[in-house]
Protein chains: 4
Amino acid sequence: MASARELFEQKGFETTTIDDITSRAQVSKGLAYHYFRSKDDILRELIRARLDELDDLIERMRAEKSAVRRLRILVSQLVTELTEGEDRQRFLVTTFLQKQHHKLVTKAMQQSPERFAALQAEELRLLADLGHNEAEKELPLFRATLQGMVMLYLLNPHGFPLHDVGELFVQRYTKGVAQND
Amino acid sequence: MASARELFEQKGFETTTIDDITSRAQVSKGLAYHYFRSKDDILRELIRARLDELDDLIERMRAEKSAVRRLRILVSQLVTELTEGEDRQRFLVTTFLQKQHHKLVTKAMQQSPERFAALQAEELRLLADLGHNEAEKELPLFRATLQGMVMLYLLNPHGFPLHDVGELFVQRYTKGVAQND
Amino acid sequence: MASARELFEQKGFETTTIDDITSRAQVSKGLAYHYFRSKDDILRELIRARLDELDDLIERMRAEKSAVRRLRILVSQLVTELTEGEDRQRFLVTTFLQKQHHKLVTKAMQQSPERFAALQAEELRLLADLGHNEAEKELPLFRATLQGMVMLYLLNPHGFPLHDVGELFVQRYTKGVAQND
Amino acid sequence: MASARELFEQKGFETTTIDDITSRAQVSKGLAYHYFRSKDDILRELIRARLDELDDLIERMRAEKSAVRRLRILVSQLVTELTEGEDRQRFLVTTFLQKQHHKLVTKAMQQSPERFAALQAEELRLLADLGHNEAEKELPLFRATLQGMVMLYLLNPHGFPLHDVGELFVQRYTKGVAQND
DNA sequence: CATGAATGAGGTTTCATTCAT
DNA sequence: GATGAATGAAACCTCATTCAT
């Protein structure tokens, strides 16, 4: 799975062959099919593993009391993931977008829908705690800006001032909130 | 090219075969190679055609005096493109993101770099006219939010209130600006 | 198709590879798939071609007036096919029998069901003309014996006196019938 | 062996995998190779087991005095085997026919050639007792009809009146023979 | 300008068999 | 006896590309 992930990230799913994967992992081609039913199945497992990581983020946000610090957790998670695993994020975004993977992605996401509900709940609570009286209305815009930061960075890493924009984003959403709230 | 575009949008580039394209276009396989050097070449041409469309947007923004209306042009262009050509936008975003297309995309973009400079200039002017004294600093965040709207809509068209968010976005950026400014 | 037929007859369908077929036919593997959708499709076409040959037999029986001579046509057709194309008959019988080919065979047969009706009509007429007042009742036994000759010959060509048994079969069914009827 | 037999009968020998067999039998793949040298070896054993069953038939014919009843034993054995184990018979016939199994079949048959001699002797005695003065000459035709009944039934079970034809066959061969002979 | 037959490298997948445990 | 991870050869099939016509 590690080999597959690295190659998918570097060359894309369709462009990576089973041979690529198994020879990088130093196992036989047959073994791959002993553990995975198909190439698609490998992708499925990778996505599942990725979604599992969300739980950690949710946990950390739940544990933190201060709204401002929760916002910082969210933003710094995003910044870290991007700067440390640019290719990975690129791969994930394109995979989730591509229509031909839609079924596969949907199925993987439905395996634990409560995860997404929990994340959304955390985000709503965050916005409310930051002083928004219409958190539901604000949420999509809030999310859009975060997601857009990801996108613009991925499209042109050197041309997008990720840290600065992140900081600006935090400032904008914490204006008028006591740092220790 | 129309057939290719439709198929790329529906099934993705790698998954679409020359046979798919030519049989949809009701021409022979040989003819495709009479006009295009390779499958990649078809993609190249499609991207070029797409980038040409940017000029129109720039032109319309240049022609409009009111900053608020210019902002509305930008947002409504985005909304229209998304709602009328969801698949197309999805395809474009993924193509631009994917590493294996990077060379191809870069080359297409370098064929007229002034285009992007012009668009950026328009956006800066817009922000300044809307009252931002540090337009350069604001621009990335401004763009991120727009780009993020695109992304969230593409990831889940029915779950993202595109029109509402667009409206909210316009309001936020026009706060304190006279409508006829 | 000729190469495929020969190889299927010699080595069986599953045991014959596309490579076997194309290298015997001295064409590329790709070409086989230009004309046939799959390996199964090749088999389908071969069966169809075989069934077409039935028409010739039916025609010859229709043209002949004498019942005895018609019986001789039927038997000698069987003998000739067996002695001249032992492997071919073996292949056909096993193909028609095998459950995994059932769908394929059924479909091929349904493409012209009138053929089998015509053959059956000819056989009934033959039995009636040979003096059987209950031709319908006799037909299955008549056919069984013919089919059994095929089988026993195929199971052990050198151990089964095909010509003698054929002659005996003709005699038994023409007993009491004037040679010139 | 039971799992193998059932699967071979349903899907054919080549189409059945060792995995199919062992997972149906709920044992490990390794265990299959502990008991059988190869997949072919499993088939070999199955054929041997089948041939052993012939002894029972021979025994029952030897034990019966009345020729007519012996004939009935033979025919009813055939009818029972067909109606109760259609797939099995189909599989056996195709296996014996297929050239690629020839060696294997031949070897299995040579392990007790006396069996076939005994059966043939019984059949000859039967024909003689039924009043045929040239039993040797009649035998192939006699066998052909029986074998043909098997074939026609297997080719189209619902379309072939097995019981009626069996009865007609018995009548024809017992014409003029006292029932208690 | 137009066709489609032809190629062949390379892709995914299957499977009998082996072997360390 | 029993397991199942591991192998690798070989199967079917795909497809971008070429080229004679």
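Just so we're clear, the structure is a prediction, and the values are computed from it rather than from any experiment. We name chains A, B, ... by the order of the sequence lines, and we start the count at 1 in each one.
- Checking F:dA11, E:dT12, E:dA16 against every side-chain atom of C:Thr17, the shortest atom distance belongs to F:dA11.
- B:Lys29 comes within 4.0 angstrom of a base, heavy atoms only.
- A salt bridge links A:Glu81 and A:Arg50; the closest N-O separation between the charged side-chain nitrogens and carboxylate oxygens is under 4.0 Å.
- Residues C:Glu14 and C:Gln98 are in side-chain contact: their nearest non-hydrogen atoms beyond the backbone lie under 4.5 Å apart.
- The side chain of B:Ile18 has F:dA16 as its nearest neighbour among F:dA11, F:dA16, F:dT3.
- Proximity note for B:His34 (side chain, C-beta onward) versus F:dC13, E:dT7, E:dC1: the nearest is E:dC1.
- For the pair C:Tyr33 OH and E:dG11 P, the interatomic distance rounds to 17 Å; values are reported in whole Å.
- Summary of the strand contacts: A:Gln26 and B:Asp19 both lie near DNA chain F, and taking for each the nucleotide with the nearest heavy atom, the more 5' one is attributed to A:Gln26.
- Residue-to-nucleotide proximity on DNA chain E shows that, of B:Ala32 and D:Phe13, the 5′-proximal contact is made by B:Ala32.
- Among the heavy atoms of the strands, none lies under 4.0 Å from C:Phe36.
- When the P atom of E:dT14 is taken as reference, atom CG of D:Asp20 falls 11 Å away, rounded to whole Å.
- Side-chain proximity of C:Val27 to the nucleotides E:dT7, E:dA16, E:dT12 is greatest for E:dT7.
- Across E:dT13, E:dG4, F:dT7, the shortest atom-to-atom separation from the side chain of A:Ser28 is found for F:dT7.
- A:Leu31 comes within contact range of at least one nucleobase, with a heavy-atom separation under 4.0 Å.
- Within the 4.5 Å cutoff, no side-chain heavy atoms of A:Asp41 are placed close to those of A:Tyr33.
- Between the CD atom of D:Glu14 and the P atom of F:dA10 there is a distance of 17 Å, rounded to whole Å.
- Across the protein-nucleic acid pair, D:Leu7 atom CG and E:dA16 atom P stand 12 Å apart, rounded to whole Å.
- Here E:dG11 presents its P atom at 17 Å from CG of A:Asp40, a figure rounded to the nearest Å.
- If you check every strand for non-hydrogen atoms under 4.0 Å, B:Thr15 touches nothing.
- The shortest side-chain heavy-atom distance between D:Val93 and C:Met151 falls under the 4.5 Å cut-off.
- The pairing partner recorded for F:dA20 is E:dT3, the criterion being a Watson-Crick or G-U wobble arrangement whose two distances lie under 3.5 angstrom.
- For D:Tyr35, the side-chain atoms get nearest to F:dA2 when compared with the rest of E:dC1, F:dA2, F:dC13.
- Using a 4.0 Å heavy-atom criterion, one finds that D:Thr16 contacts the sugar-phosphate atoms exclusively.
- Looking at C:Lys107, its side chain never comes within 3.5 Å of a backbone N or O of C:Arg44 through a donor-acceptor pair.
- For the pair D:Arg37 CZ and E:dT18 P, the computed distance is 11 Å after rounding to whole Å.
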